[in-house]
Amino acid sequence: MKQSEIKELSVEELKEKMAQFKKQHADLKIAHSVTPLENPLQIRKARRNVAQLATELTKRDNQ
């Protein structure tokens, strides 16, 4: 997700997206441990999306 897209989301939507990306990250890690993924960079992308959403949530809590 782009930062501009993240800023437009509400707090509830951020939490939903974060849960969705956490699940996707966990699923990708498990799938990759069983058989190598065709594109392992998907794992990194999911992890970074979770981090971006968490950062935005923290930023909003501190304001």
Side-chain angles (χ1 to χ4, degrees):
M1 293 186 77
K2 293 186 179 182
Q3 192 64 28
S4 59
E5 294 173 353
I6 292 173
K7 287 184 178 185
E8 294 174 358
L9 298 175
S10 69
V11 175
E12 285 299 317
E13 291 172 330
L14 284 173
K15 290 179 182 180
E16 289 173 13
K17 289 278 188 183
M18 192 165 159
Q20 177 185 4
F21 281 119
K22 278 185 177 182
K23 180 173 179 5
Q24 179 186 12
H25 180 252
D27 291 344
L28 286 171
K29 281 177 58 175
I30 291 171
H32 186 63
S33 66
V34 174
T35 58
L37 293 175
E38 186 174 313
N39 185 4
L41 294 179
Q42 293 172 330
I43 298 170
R44 183 190 310 171
K45 190 173 182 180
R47 184 180 72 234
R48 287 184 178 174
N49 282 332
V50 170
Q52 285 178 326
L53 293 169
T55 301
E56 184 64 26
L57 278 172
T58 302
K59 193 185 308 182
R60 289 185 188 188
D61 285 343
N62 291 334
Q63 287 180 352

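Positions are given from 1 along the sequence. From a predicted model like this one, the values you see are computed outputs, not experimental measurements.
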Sorted by chain and number, sequence neighbours left out, salt bridge (charged side-chain N to carboxylate O under 4.0 Å, His left out) with Lys23 holds for Asp27
Who else is in the cluster with Phe21 when I, L, V, M, F, W and Y are joined by side-chain contacts under 4.5 Å?
-> Met1, Ile6, Leu9, Val11, Leu14, Met18, Val50, Leu53, Leu57
Specify the closest pair of heavy atoms between Gln52 and Gln3, including all atoms of both residues, with the distance to one decimal.
-> NE2-OE1, 4.2 Å
Test item: His25 side-chain N/O and Arg47 main-chain N/O as donor-acceptor pair under 3.5 Å | no
Would Leu41 and Arg44 satisfy side-chain contact (heavy atoms from CB on, under 4.5 Å), going step by step from the backbone distance to the final call?
-> CA-CA 5 Å; Leu41 294 179; Arg44 183 190 310 171; 3.4 Å; yes
When every non-hydrogen atom of Lys29 is compared with those of Ile43, the smallest separation belongs to CG-CG2, 4.1 Å
To the nearest 0.5 Å, tell me how far His32 NE2 sits from Gln42 CD.
-> 10.5 Å
Using 4.0 Å as the upper bound for N to carboxylate O, is an ion pair formed by Glu13 and Lys17?
-> no
Take Glu56 and Lys59 through the side-chain contact (heavy atoms from CB on, under 4.5 Å) test and state the conclusion after the steps.
-> CA-CA 5 Å; Glu56 184 64 26; Lys59 193 185 308 182; 3.8 Å; yes
